[in-house]
Number of protein chains: 2
Amino acid sequence: MVARMQSRTSASRTGRPRSAEADAAILVATRAALVELGWSGLTLGNVATRAGVAKTTLYRRWAGKNELVVDAVAALFDELELPDRGTLAADIEGVVLQFAAILARPEAQSGLMAVLAESTRDAALRERIRTSVVDRQKRLVLEGRARAQVRGELPPETDPSTAARTVDLIFDMVAGAVVHRTLVSAEPVDQPWVQSFTRVLLLGLAGAAAPS
Amino acid sequence: MVARMQSRTSASRTGRPRSAEADAAILVATRAALVELGWSGLTLGNVATRAGVAKTTLYRRWAGKNELVVDAVAALFDELELPDRGTLAADIEGVVLQFAAILARPEAQSGLMAVLAESTRDAALRERIRTSVVDRQKRLVLEGRARAQVRGELPPETDPSTAARTVDLIFDMVAGAVVHRTLVSAEPVDQPWVQSFTRVLLLGLAGAAAPS
DNA sequence: CGCTTTCGCTACGAGCCGTAGCGTAACTGT
DNA sequence: ACAGTTACGCTACGGCTCGTAGCGAAAGCG
């Protein structure tokens with residue numbers, strides 16, 4: 001999923017290769033442990049046992065609990081794609097529902113929040129989360145915006161720096177609202193909510209682009 | 001701050017009363033430990049030492065780390081108030097900046113996120129967070145909306161259930177965007193960002209209230 | 001067949017957890 | 001003043017997880 005640790009160069013030359021099956025089994029076991037035990041209950045020893053792997057093998061590949069969980073949770077976002085439903089509103093609704101479906105899973109909830117909490121004191125961890133989780137989500141905003149500009153649903157960008165700020169704003173508004181509703185308000189992100197949200201967001205963006 | 005544990009009735013009748021100074025010292029020590037050690041590094045033994053209190057005293061008042069940190073962090077939100085700056089936009093900007101200032105503090109970041117992660121598997125903890133942290137923020141949205149309706153900046157509510165849904169939507173959008181920008185994007189919630197955000201939000205709400 | 005790296009296993013000191021037990025301190029009612 | 005009740009500080013404890021070290025065996029490569 002991500003460049004993790006590597007002995008030397010891109011293809012480690014000699015010696016016994018690392019088991020790819022073990023890698024996959026560990027990530028599966030990590031997600032299962034997150035579901036059953038939560039973040040605080042998850043121990044590397046437990047994960048190792050579930051995966052049918054020695055505890056030392058875990059420590060050879062990951063620096064600790066934080067990094068392991070980031071990789072395990074990041075894989076959940078692989079399925080995230082930008083649909084093409086014809087209109088910007090429909091595209092947004094589709095992505096938001098996909099995103100919400102992932103966030104509804106218990107391993108994503110406990111794992112993501114906990115690792116985000118740890119990242120506030122660990123710059124390397126924050127960077128790891130950014131590249132393997134956040135940026136992949138952000139790209140969807142970028143693509144959706146470009147597609148809407150081609151359709152004429154959004155005005156083309158003028159200044160590249162203001163465009164970047166707008167994308168950041170949209171991203172924080174979309175992802176923030178979904179995360180907050182799911183994890184703080186603890187209420188479902190269902191069709192009616194998504195429609196209301198999309199309506200407010202798009203009207204706001206259209207109005208903000210036009211002169212006041 | 002919150003009804004916590006109580007021996008019998010409202011006024012514990014007899015025996016030595018609990019030290020209020022100890023209570024305050026413990027919460028201060030908890031926040032300090034969050035800043036210096038983060039969530040994972042915080043231990044109840046350490047907090048007890050900092051507060052000049054025995055470890056057993058901690059366990060007599062709080063069930064564990066989760067509950068203690070909730071109370072310690074909840075106190076940060078006591079200062080949150082709704083200013084009256086004349087316009088809805090200015091009121092929102094004021095509240096958002098206050099909220100962002102609290103979230104910028106390291107004890108709020110690591111503490112809140114971690115305890116939120118734990119709350120996904122603990123209904124009682126989630127409820128505790130809701131009453132002592134979330135609802136207090138939500139009330140500001142309610143008050144601000146009512147004030148704006150008096151001013152004529154927002155249409156009066158028609159159906160009470162749709163009004164409640166709208167308030168929930170606004171709350172998730174505001175709090176979600178601020179939290180996401182602060183903790184996930186790890187970028188500052190400063191004046192220009194708040195103005196852009198408020199502009200998009202208000203135009204969206206105005207447009208959504210009007211017929212399409 | 002040597003060389004290298006990974007793997008599973010065992011064992012270890014260290015640290016924290018949450019509780020129990022004790023004697024003492026503080027406050028209340030008679 | 002005195003018993004009754006509750007909170008406090010302190011010490012000690014078994015149990016658990018941590019992260020590492022050391023070993024022999026397995027799995028590739030030249």
Side-chain angles (χ1 to χ4, degrees), chain A residues 4-27 29-30 33-34 36-69 110 114-115 118 121-122 124-125, chain B residues 4-27 29-30 33-34 36-69 110 114-115 118 121-122 124-125:
Chain A
R4 199 169 298 124
M5 295 177 180
Q6 228 140 15
S7 327
R8 284 289 159 189
T9 53
S10 55
S12 68
R13 202 143 315 292
T14 173
R16 176 175 177 173
R18 287 193 172 169
S19 165
E21 293 84 11
D23 233 281
I26 291 171
L27 293 180
T30 304
L34 275 177
E36 293 180 25
L37 309 171
W39 165 266
S40 62
L42 182 150
T43 71
L44 292 196
N46 184 300
V47 171
T49 305
R50 287 169 186 265
V53 157
K55 191 173 62 164
T56 45
T57 300
L58 270 172
Y59 281 101
R60 288 191 189 101
R61 306 190 184 194
W62 284 277
K65 192 168 162 175
N66 294 336
E67 290 75 11
L68 173 62
V69 170
S110 53
V115 82
E118 292 304 309
R121 312 186 24 85
D122 184 340
L125 184 63
Chain B
R4 199 172 296 123
M5 295 176 181
Q6 227 138 16
S7 326
R8 284 288 160 192
T9 53
S10 55
S12 68
R13 200 142 317 292
T14 174
R16 176 176 176 174
R18 287 194 172 168
S19 164
E21 293 83 11
D23 233 280
I26 291 171
L27 293 180
T30 302
L34 274 177
E36 292 179 26
L37 309 171
W39 165 265
S40 62
L42 182 149
T43 72
L44 292 197
N46 185 299
V47 170
T49 305
R50 287 169 186 265
V53 157
K55 192 173 60 163
T56 45
T57 298
L58 271 172
Y59 281 101
R60 288 191 189 101
R61 308 192 183 193
W62 285 276
K65 191 169 162 175
N66 294 336
E67 290 76 10
L68 173 62
V69 170
S110 52
V115 84
E118 292 303 311
R121 311 187 25 88
D122 185 339
L125 184 64

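Predicted, not measured: the structure shown is a model, and the values here were computed from it. Lettering follows sequence order; numbering is per chain, from 1.
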**Report entry** All side chain to side chain donor-acceptor pair (under 3.5 Å) counterparts of A:Ser40, not counting sequence neighbours
**Finding:**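 B:Glu118.
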
Report task. Write out all pairs satisfying salt bridge (charged side-chain N to carboxylate O under 4.0 Å, His left out) with one or both partners inside residues 44-55 of chain A, taking only residues at least two apart or from two chains. Result ->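 Listed once each, the pairs are A:Glu36-A:Arg50.
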
Using whole Å, what does the distance between atom [atom2] of nucleotide [N] and atom [atom1] of [X] come to?
X: A:Glu67; N: D:dG19; atom1: CD; atom2: P; answer: 10 Å
X: B:Tyr59; N: C:dT19; atom1: OH; atom2: P; answer: 7 Å
X: A:Arg60; N: D:dG22; atom1: CZ; atom2: P; answer: 13 Å
X: A:Leu58; N: C:dT6; atom1: CG; atom2: P; answer: 15 Å
X: B:Leu37; N: C:dC16; atom1: CG; atom2: P; answer: 10 Å
X: B:Trp62; N: C:dC17; atom1: CH2; atom2: P; answer: 15 Å
X: B:Asp23; N: D:dA7; atom1: CG; atom2: C1'; answer: 12 Å
X: B:Arg18; N: D:dA7; atom1: CZ; atom2: C1'; answer: 8 Å

Report task. Any chance you could measure B:Asn66, atom CG, to B:Trp39, atom CH2, to the nearest 0.5 Å? Result ->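 Atom-to-atom, B:Asn66:CG and B:Trp39:CH2 are 4.5 Å apart.
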
Query raised in the report: Taking all non-hydrogen atoms of both residues, which atom of B:Arg61 and which atom of B:Ser19 are closest, and how far apart?
Result: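 Looking at all heavy atoms of both residues, the closest pair is NH1-O, 3.2 Å.
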
Requested in this report: Indicate the atoms forming the closest heavy-atom contact of B:Ser110 with B:Gly38, along with that distance.
Outcome: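 Closest pair (atom of B:Ser110, atom of B:Gly38, distance): OG-CA, 4.4 Å.
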
Query - By side chain to side chain contact (heavy atoms under 4.5 Å, CB included) - contacts of A:Thr43 (at least two apart) - result: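 Scan of A:Thr43 (side chain to side chain contact (heavy atoms under 4.5 Å, CB included), adjacent residues dropped) gives A:Asn46.
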
Query - side chain to side chain contact (heavy atoms under 4.5 Å, CB included) partners for B:Ala25, two or more places apart - result: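 Residues passing side chain to side chain contact (heavy atoms under 4.5 Å, CB included) with B:Ala25: B:Ala51.
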
Query raised in the report: DNA chain D: B:Ala22 or A:Lys65, which has the more 5' nearest nucleotide?
Result: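 Nearest-nucleotide comparison on DNA chain D picks B:Ala22.
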
**Report entry** B/S/- contact track for nucleotides 25-30 of chain D, protein heavy atom under 4.0 Å
**Finding:** -BBB--

Requested in this report: Go through residues 39-56 of chain A and report each residue with a non-hydrogen atom lying under 4.0 Å from DNA chain C, sorted by number.
Outcome: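 Nucleic-acid contacts, sorted: A:Gly52, A:Val53, A:Ala54, A:Thr56.
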
**Report entry** Side-chain heavy atoms of A:Trp62 within contact of A:Leu44, under 4.5 Å
**Finding:**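 Not in contact.
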
Report task. Before accepting this row, confirm whether a basic side-chain N of the pair A:Arg18/A:Asp23 lies closer than 4.0 Å to the acidic partner's carboxylate O. Result ->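 Salt bridge flag = no for A:Asp23 with A:Arg18.
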
Requested in this report: Measure from the side chain of A:Arg61, starting at C-beta and using heavy atoms only, and say which of D:dC18, D:dC8, C:dC7 lies closest.
Outcome: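 Nearest listed nucleotide: C:dC7.
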
